[in-house]
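Notes follow once the structure below has been shown.
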Amino acid sequence: MTEDRTQSGELYRLTTGKPLASLSPFTSPLEEYQAAFAERDHPFINHYSFEPGQVVKRSLTRGEFWELARSAAAHLNRAGISKGDRVVHFFDANSLYDLIFRLAAVLTGCVPVTINWQADDNERIVYKTAVTEAKLLIHSRRLAERVAELKPRLGNISLLEAEAIARDKLTGIPTPPELDWEDERIIVFTSGTTARPRGVILPHRSFLADRLIFEDYFDMSPDAGLDLVIVNPLHHVNSTVLTDWGLRRRRAVVHLLERYTTPYWKILVEAASKKRHWLVTALVSRHFDFLESLAKESQLPVSETEIKRALAQTDILIGSAPVGPKTVANIIRFGQCRPHVRFGATETCLETMATSTTMFPDELRAAFEAGWAHRYQGKEATGYYIGREHFPFTRLRVVKSIDPEASGYLKDCAPGEPGYLITQGANLMRGYVGEPEATAAVFREGWYTGLKDIVFTLRNPRDGKLDYYWMSRDSELLIRGGANYAYTQVAAELSRFVAEDFTLAPGQFQLAVIGLRVASEHEDSCAVTIELSREAIKARKELEASFLERATRAVTKGCRPDYLRLAPIPRSFKGAVVYPRLKEEYLESLKEGTALKRNPRS
């Protein structure tokens, strides 16, 4: 079956074998966007920017937004931009103009290129511009000085201040080009921490797939009103997908926040008070950590009762970092509901699976708990429930290896057995820009194998379907004595030991583990970092004096620590540990002699 899919080009087809476009009433992407903006008087977007002491709200109807997009398209045309040309979008926050130019890209056929304003330095911006062969860089007025500084390094590229389309409104644009579902829609770069990020080419097909996936997932009728509250950065794929859903769905209203800040919760409350049929927001675990802190410090912008009422009316999409007991407990506390955990990557255009919407609350709770309590071959193998495939849009497998030279190459794992997640579906990228070899390396035997997530499945006792559970990334493994130990697995055991042996509550410390190459040619030295809260700082001396010795005697062999440092743990906005940065910091502490080493005799 795999060979048939490869030979007939069915990697991107529906599970039924039909092409994705067979489910769309539109013959082209352009026709879909035009239909969405046919009702010119319908409200479309509320944009929220933040100035000292106030929230500035700007609202546009579909007609007003469409005219600005036409002006943007005319400016692109005047700059010599046409179908297939790549255009860098350089903003410093979630900008109304970023979204306007994304619609203008449909009207001209050009391809936006994202810049990560949270992480990209000038070197990386130059790299992204060069590797995509971009012909134009669009920037916000606030970035004018930085762009002027960059200009000599950008080569023969044109510049356009985004806000110019409002001051100098142009109306004369040529007939929009014909667009195919396989034409490039946008290039979104992977997050990349130390290595160079890769430009992921996402075609219109991928975004059609996501629209159909979400509308099927929520059982959403074509005429139902949809409100989307967007707070994650537009340079990430999650906000890119959700805002595009708003652009291509009639009667959808987008509430776009410049960035996450405390007033987000008040804005969500206001959106919930005017809810029509559906209110959807995408959050990460850290947002609920922030909410918990605001409540604890009595800093909520509105009452906790109002927030609970709003969240109870909201469909919360949360992922892709693991969603553990604490996050689930916080969502239940504030929203009286369980989240829709979704899972995917930039290369899958956000979505490969999500938790079931048909389970009763006790069944969903049981599915989460099954992963938290999972054991494999008698050993703890905690997993975080990430859902089920989206039939007929995505297909999933768990295999023993994705290495063509390995004996278990693309051989399926049994339920409960950890392995590599691979996928098929119309949501998948076309490839990496300028990297044909890297693209070929992740598409094998008709499957996308580049996720490199270690997962397992369990058969649900209610309906017999497979539920998927995330364990770790394959680069997050400690290999000792021929056995693999997920960083999170080792950290969980050591965290329990710290809590019990040093009498610390889970909220008083965080613990992360990495493998380092120190005493051998393998990364088999277990290096532990503990970050203490302010109220637990008194435990520092005791941990430094005895953690390594006591833990070595108490925990299982694979979890015995070799090194200890007490320091902040670097995390992404989603709350996930940034292991490459943690590894760099640990190696530096070893050079400086500040990391503590276990006595080999202990």
Side-chain angles (χ1 to χ4, degrees), residues 11-12 20 29 94 98-99 102 112 114 116 181 184-192 197-218 220 226 228-249 252 254 256 280-285 287 315-323 339-355 357 386-391 393-396 421-432 442 448 450-453 455 468 470 473 572-574 576:
L11 167 66
Y12 301 122
L20 177 74
N94 284 341
D98 192 350
L99 203 58
R102 291 187 184 205
T114 62
N116 184 333
W181 297 109
E184 295 180 9
R185 172 66 176 103
I186 195 170
I187 295 174
V188 179
F189 276 81
T190 57
S191 297
R198 284 178 166 156
V200 176
I201 302 172
L202 297 172
H204 285 277
R205 163 185 42 79
S206 299
F207 289 90
L208 173 62
D210 277 330
R211 174 192 171 164
L212 295 173
I213 283 171
F214 283 126
E215 292 178 4
D216 176 76
Y217 180 70
F218 290 118
M220 193 177 292
L226 169 64
L228 295 160
V229 182
I230 310 295
V231 68
N232 293 322
L234 279 172
H235 55 72
H236 288 323
V237 73
N238 58 8
S239 289
T240 293
V241 166
L242 293 179
T243 52
D244 191 79
W245 185 17
L247 286 171
R248 63 172 65 221
R249 181 181 171 86
V254 174
L256 179 64
V280 177
T281 191
L283 298 173
V284 296
S285 297
H287 288 127
D315 282 283
I316 305 165
L317 293 169
I318 190 163
S320 293
V323 177
H340 302 294
V341 178
R342 46 140 302 274
F343 188 83
T346 304
E347 290 89 341
T348 67
C349 199
L350 183 68
E351 202 65 8
T352 58
M353 70 180 96
T355 51
T357 57
I386 51 176
R388 300 173 168 186
E389 63 183 22
H390 291 290
F391 178 87
F393 305 102
T394 65
R395 294 169 294 284
L396 304 169
L421 179 67
I422 63 174
T423 184
Q424 290 180 333
N427 55 311
L428 289 168
M429 68 170 183
R430 276 178 48 181
Y432 296 116
V442 296
Y448 175 69
L451 289 167
K452 298 187 178 179
D453 289 289
V455 305
Y468 286 76
W470 184 92
R473 298 277 290 172
S572 69
F573 182 73
K574 293 180 179 180

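Residue numbers count from 1 along this sequence.
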In terms of heavy-atom contacts, M353 and Y468 come closest through SD-CB, 3.6 Å
Separation between CG (N238) and CD1 (I318), nearest 0.5 Å, reads 11.5 Å
Quiz item: cation-pi between R248 and F207, 6.0 Å / 45°: no
When rounded to the nearest 0.5 Å, the distance separating CD of Q424 from CD of E389 is 10.0 Å
*asked:* Would you say D210 and W245 are linked by a side-chain donor-acceptor pair, where the criterion is simply a distance under 3.5 Å?
replied: no
Side chain to side chain contact (heavy atoms under 4.5 Å, CB included) with M429: of T346, V442, I187, V237, only one passes, and it is V442
Between L234 and R102, the two heavy atoms sitting closest are O-NH2, 2.9 Å
field: Backbone N/O of Y448 and side chain of T423: donor-acceptor pair under 3.5 Å
entry: no
**Item:** Student check: side-chain heavy atoms of W181 and P203 closer than 4.5 Å
**Value:** no
Separation between CD1 (I422) and CG (L451), nearest 0.5 Å, reads 9.5 Å
Rounding to 0.5 Å, atoms CZ (R249) and CE (M220) come to a distance of 5.5 Å
d(I186 CD1, H204 NE2) to nearest 0.5 Å is 10.0 Å
Can Y217 and H390 be said to form a side-chain contact (heavy atoms from CB on, under 4.5 Å), step by step?
CA-CA 8 Å; Y217 180 70; H390 291 290; 3.8 Å; yes
Open item on the list: Tell me if a side-chain donor or acceptor on S239 pairs with a main-chain N or O of I230 at a distance below 3.5 Å.
Closed with: no
- [ ] Would you tell me whether D315 and H340 have side-chain atoms, one donor and one acceptor, within less than 3.5 Å of each other?
- [x] yes
Distance col, row L228:CG vs L247:CG, nearest 0.5 angstrom, shows 10.0 Å
G344 and T352 have their tightest heavy-atom pair at CA-OG1, 3.9 Å
Original post:
Does one side chain, of Y432 or E347, offer a donor that lies under 3.5 Å from an acceptor on the other?
Top reply: yes
task: Determine yes or no for a side-chain-to-main-chain donor-acceptor pair under 3.5 angstrom, with T394 supplying the side chain and G425 the backbone.
output: no
TODO: Mind running side-chain contact (heavy atoms from CB on, under 4.5 Å) on N116 and F189 for me, showing each step along the way?
DONE: CA-CA 8 Å; N116 184 333; F189 276 81; over 6 Å; no
Requested in this report: For the pair N94 (side chain) and N232 (backbone), establish whether a donor and an acceptor sit closer than 3.5 Å, ignoring hydrogens and angles.
Outcome: yes
Step-by-step side-chain contact (heavy atoms from CB on, under 4.5 Å) determination, F214 to V241: CA-CA 10 Å; F214 283 126; V241 166; 4.0 Å; yes
- Just by distance, do the side chain of S206 and the backbone of N427 share a donor-acceptor pair under 3.5 Å? yes
Under the side-chain contact (heavy atoms from CB on, under 4.5 Å) rule, what do T348 and F343 come out as? Steps first, then yes or no, please. CA-CA 10 Å; T348 67; F343 188 83; over 6 Å; no
So, does R342 use its side chain to make a donor-acceptor pair with the main chain of L350 at under 3.5 Å?
yes
